[in-house]
**Student:** 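Pasting a structure here, questions to come.
Here the structure is a predicted model, which is why all the values come from computation and not from measurement. Every chain is numbered from 1 and lettered A, B, ... according to where its sequence line falls, protein lines coming before strand lines.
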Number of protein chains: 2
Amino acid sequence: MDLFVSKYINKIDKKGRVSLPSSFRNVLPKANRNEIILYKSIKTPSIEGCGIGRLEEIAKRINNLDFFSEDYDDFSTSIFSEIITTNIDKEGRFLIPEELKLYAGIKTEAAFFGQGHYFQIWEPNKGLKNTEDSRRRLLKEKKSLRMMLTQQK
Amino acid sequence: MDLFVSKYINKIDKKGRVSLPSSFRNVLPKANRNEIILYKSIKTPSIEGCGIGRLEEIAKRINNLDFFSEDYDDFSTSIFSEIITTNIDKEGRFLIPEELKLYAGIKTEAAFFGQGHYFQIWEPNKGLKNTEDSRRRLLKEKKSLRMMLTQQK
DNA sequence: TGGGATTATATGGGCGTCAATGGGTATATC
DNA sequence: GATATACCCATTGACGCCCATATAATCCCA
């Protein structure tokens, strides 16, 4: 499985360490299994994360923008300076930077939600509520959801 | 990781020394890990820096501008003639030239912002405000910051 | 197939190393 | 000699590495 799926709630210890769920670790490429990137989610009070391979793709994309445009600086600043790389120790744990914990309201526990090619980290209660809300919103759009799920090809 | 990412705020001591963040030092090629170049940012009151290897890349960027335009001379002059090389000591610290400190309004603390292939040094408050402004511009103009971050391939 | 043995995961804690910072002193530049 | 800069050493706190334990999952064999 090469996608981040399922959800897990792990504890943050006194040193601030938290285990990246084992199944998430296995999604990371063997070459860079000890480093991930984290950044503030744009739409929600949560942290998003993924392997560093993605960072190179992002860099490439930004490089294609006009270097002397204002957009270039805006993207470059909003992305590169806001992305945080963090190391995963031998036991599969990492540190969530204080600023990101504040942003997500995380204190003693972190809820990991697989999102396919990336994952989100939430304060557990907020995360669960967000899941319910998402589902509720989807069901309201019953028709389109059914189409999406059952449509062939 | 071969990109400048994240942000750090370091102190400038009485002698004017400031630590280049460890993760930034690691981006510099092992061959020239004790030397960086600094220059005034064209668009913002900040200092930009990178390894000396990037000089060629900067030259290329400028060359892509219309040679006969006013911009060409302006960029060429304001960047190349203003580039300053500075050495990094054994502890990873360097001196920010007085002229550049003045330009950026830096006094006792320097904020380092990763920008991918280069980095910026700001007076901390100005730098943080700039980050907010950048993000606000992107979101308001619906430029797809989210796409940039999550898009596949 | 049941139950003990082995392995993996999440978690806790000790300790050495490194990064950031401060300061003394030698060397150099003028 | 005065100022600036590089090298050396010291301190502090954070982080990485190592080891240990508990619980859960898996395996293995009679």
Side-chain angles (χ1 to χ4, degrees), chain A residues 1 4-28 30 32-38 49 52 84-102 106-114 119 121-124 127, chain B residues 1 4-28 30 32-38 49 52 84-102 106-114 119 121-124 127:
Chain A
M1 173 60 61
F4 299 105
V5 295
S6 199
K7 74 167 179 270
Y8 307 86
I9 297 180
N10 289 344
K11 286 176 188 167
I12 298 176
D13 69 20
K14 285 183 228 167
K15 295 183 178 181
R17 298 174 301 188
V18 62
S19 289
L20 184 68
S22 167
S23 82
F24 284 17
R25 297 202 294 268
N26 290 330
V27 176
L28 303 174
K30 292 160 292 299
N32 298 96
R33 190 152 282 186
N34 57 348
E35 199 173 11
I36 55 174
I37 65 174
L38 301 174
I52 59 173
I84 291 168
T85 69
T86 174
N87 293 338
I88 298 178
D89 71 17
K90 292 277 167 65
E91 285 74 33
R93 294 173 292 193
F94 67 100
L95 296 170
I96 304 177
E98 204 54 40
E99 184 187 351
L100 295 184
K101 279 202 282 191
L102 274 175
I106 291 172
K107 287 172 188 166
T108 63
E109 286 187 320
F112 294 81
F113 292 86
F119 57 87
I121 311 176
W122 288 76
E123 187 283 318
Chain B
M1 174 58 53
F4 298 103
V5 295
S6 250
K7 65 165 178 274
Y8 306 86
I9 298 180
N10 289 344
K11 287 176 187 166
I12 297 176
D13 68 20
K14 287 182 224 167
K15 298 181 179 182
R17 298 173 300 188
V18 63
S19 290
L20 184 68
S22 167
S23 81
F24 283 17
R25 298 201 294 268
N26 290 330
V27 177
L28 303 174
K30 292 161 292 301
N32 297 94
R33 190 152 282 187
N34 56 349
E35 196 173 13
I36 55 173
I37 65 174
L38 300 174
I52 53 178
I84 294 170
T85 73
T86 168
N87 292 337
I88 298 178
D89 72 16
K90 293 277 167 64
E91 284 75 32
R93 294 175 289 195
F94 67 100
L95 297 170
I96 305 177
E98 204 53 41
E99 184 189 352
L100 295 184
K101 278 202 283 192
L102 274 175
I106 291 172
K107 287 171 188 166
T108 63
E109 286 187 320
F112 294 81
F113 291 83
F119 57 87
I121 311 175
W122 287 75
E123 186 284 318

**Student:** Measure from CZ on Arg17(A) to C1' on dC18(D) and round the result to the nearest Å.
**Tutor:**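 One finds 11 Å between C1' of dC18(D) and CZ of Arg17(A), rounded.
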**Student:** Would you give the length of the straight line joining atom CZ of Phe94(B) to atom CZ of Arg25(B), rounded to the nearest 0.5 angstrom?
**Tutor:**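 CZ of Arg25(B) is found 10.5 Å from CZ of Phe94(B).
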**Student:** Expressed as a whole number of angstroms, how long is the span from Lys90(B):NZ to dT5(D):P?
**Tutor:**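 Roughly 18 Å, once rounded to whole Å.
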**Student:** Write down the distance between CD (Glu98(B)) and P (dA4(D)), rounded to a whole number of angstrom.
**Tutor:** 10 Å
**Student:** Please work out if Leu20(B) contacts a base, only the sugar-phosphate, or nothing of the nucleic acid, heavy-atom cut-off 4.0 Å.
**Tutor:** sugar-phosphate
**Student:** Rounded to the nearest 0.5 Å, how far does CG of Leu95(A) lie from CD1 of Ile12(A)?
**Tutor:** 10.0 Å
**Student:** Taking the side chain as every heavy atom from C-beta outward, state whether Ile121(A) and Leu100(A) have any atom pair closer than 4.5 Å.
**Tutor:**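 Not in contact.
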**Student:** What is the distance, to the nearest angstrom, from the CD atom on Glu35(A) to the P atom on dG16(D)?
**Tutor:** 10 Å
**Student:** dC17(D) C1' sits how many Å from Leu95(A) CG, rounded?
**Tutor:** 13 Å
**Student:** Mind checking the CG-CZ spacing from Asn26(B) to Arg33(B)? Nearest 0.5 Å is all I need.
**Tutor:**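 Between Asn26(B) CG and Arg33(B) CZ, I get 5.0 Å after rounding to 0.5 Å.
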**Student:** Taking the six-membered ring where the residue is Trp, are the ring centres of Phe24(A) and Phe4(A) under 6.0 Å apart?
**Tutor:** yes
**Student:** Between Ser22(A) and Asp13(A), just flag the one whose closest nucleotide in DNA chain C comes earlier from the 5' side.
**Tutor:** Ser22(A)
**Student:** Is Phe119(A) close to Leu20(A) at the side-chain level, that is, under 4.5 Å between some pair of heavy atoms?
**Tutor:**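 Answer yes - side chains close enough.
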**Student:** Taking the side chain from Asn10(B) and the backbone from Val18(B), do they hold a donor-acceptor pair closer than 3.5 Å?
**Tutor:** no
**Student:** Does dG16(D) have its OP1 or OP2 closer than 4.0 Å to a side-chain nitrogen or oxygen of Asn87(A)?
**Tutor:**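 Indeed, a polar side-chain atom of Asn87(A) lies that close.
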**Student:** Whole angstrom is fine here: how far is it from NZ in Lys15(B) over to P in dC7(D)?
**Tutor:** 12 Å
**Student:** Write down the distance between CG (Asp89(A)) and C1' (dC15(D)), rounded to a whole number of angstrom.
**Tutor:** 10 Å
**Student:** Over how many whole Å does the gap from Glu91(B) atom CD to dC9(D) atom C1' extend?
**Tutor:**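 So the two atoms are 9 Å apart, to the nearest Å.
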**Student:** First and last nucleotide of DNA chain C in contact with chain B, 5' to 3', at under 4.0 Å to a heavy atom: what are they?
**Tutor:**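 From 5' to 3', the first and last contacting nucleotides are dA19(C) to dT25(C).
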